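What you see is a predicted model; the values in this text were computed from it and never measured. These values consider heavy atoms only, across backbone and side chains, with no hydrogens, waters or symmetry-generated copies.
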Amino acid sequence: MEVCSSWGYDLFGGVSVIRPQWRKLWVSSLFLTALCGFAYGWKERDETPPIITIEKEPPETRLLKKGRYDEAAKAILDSIKDERKDFRKYQDLATVYYARAAKDPANREKWIVQASSYVDKSVTLAPNDPINKMFAAFYIDRIGDASGQPCVYYAKAGKYAQEAMNGLQNDSIFVGDEKMPTQPIREEIRKLLTSLEGKNATKCANKP
């Protein structure tokens, strides 16, 4: 779904560090690409994404690859002209801080909290967008996997996933100007919810 295959603009919805172009990808591909954004930071992936070819990287991408996290974050923030329209760029900011957490174990939780806060902000700015909540759920799930205190993140991911599911009651949905069936989207969300149930059972039993 996002960074791996979407280092460009309108990658997952704007000049984004993590966002695929909906016109060219089916939902199943999008999930893989979007999650690749966090995988990039955590697994140090440098290979060219297989789905989308980006001819020119945006400045935040180049800066992130060089480990210049503050500058990458500033480049994204400077590119935001209208928060209500550019809300997904805050998920790009989350990617920057997730990557920073991977490279700075001593301050990992600090950067993970920052990443989570930007995902939350993207949701706050578009509270009625089920697709955005779907991506937020996947991002928060990954953040939980990286955190030493995952349970709060798994709970939040489950909340966003369920809210996204509730917003996908019709047979199709427009993403931008592209009409897409909701059934495969709901199926991916169900898979996430099932995964979160398992993580909660094994990692969060008897924990507040």
For residues [X] and [Y], report the shortest heavy-atom separation together with the two atoms involved.
X: Asn132; Y: Asp129; value: N-OD1, 3.0 Å
X: Ala164; Y: Pro130; value: CB-O, 3.3 Å
X: Val119; Y: Ala94; value: CG2-CB, 3.5 Å

[X]: which residues meet the side-chain contact (heavy atoms from CB on, under 4.5 Å) condition with it, sequence neighbours left out?
X: Lys199; value: Asp141, Asp145, Tyr154, Ser195
X: Lys159; value: Glu163
X: Lys81; value: Asp86

ring-ring contact (aromatic ring centres under 6.0 Å, His included) against Tyr160, all qualifying residues, sequence neighbours excluded: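 Tyr160 satisfies ring-ring contact (aromatic ring centres under 6.0 Å, His included) with no other residue.
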Point-to-point distance, once rounded to the nearest 0.5 Å, from [atom1] of [X] to [atom2] of [Y]:
X: Tyr98; Y: Tyr139; atom1: OH; atom2: OH; result: 12.0 Å
X: Ile173; Y: Thr182; atom1: CD1; atom2: OG1; result: 7.5 Å
X: Leu168; Y: Ile185; atom1: CG; atom2: CD1; result: 6.0 Å
X: Met165; Y: Glu188; atom1: CE; atom2: CD; result: 10.5 Å
X: Leu125; Y: Glu83; atom1: CG; atom2: CD; result: 5.0 Å
X: Asp92; Y: Thr95; atom1: CG; atom2: OG1; result: 6.0 Å

Can you list the residues that meet the side chain to side chain donor-acceptor pair (under 3.5 Å) rule with [X], with sequence neighbours excluded?
X: Asp70; answer: Arg100
X: Lys156; answer: Ser116, Asp120
X: Asn107; answer: Asp104
X: Lys74; answer: Asp78

If Ile, Leu, Val, Met, Phe, Trp and Tyr residues are connected whenever their side-chain heavy atoms lie under 4.5 Å apart, and connections chain through other members, are Leu63 and Tyr69 in the same group?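 Different clusters: Leu63 never reaches Tyr69 through Ile, Leu, Val, Met, Phe, Trp or Tyr contacts under 4.5 Å.
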Okay, side chain of Lys89, backbone of Ser79: is any donor-acceptor separation there less than 3.5 Å?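 Flag set: sc Lys89 to bb Ser79 pair under 3.5 Å.
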Could you work out, with salt bridge (charged side-chain N to carboxylate O under 4.0 Å, His left out) as the rule, every residue matching [X], not counting sequence neighbours?
X: Glu187; result: Arg190
X: Glu109; result: none
X: Asp82; result: none
X: Asp171; result: none

Can you establish whether the number of heavy atoms outside Gln149 located under 6.0 Å from its atom CD is more than 12?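 Atom CD in Gln149 is not crowded, with 12 or fewer foreign heavy atoms closer than 6.0 Å.
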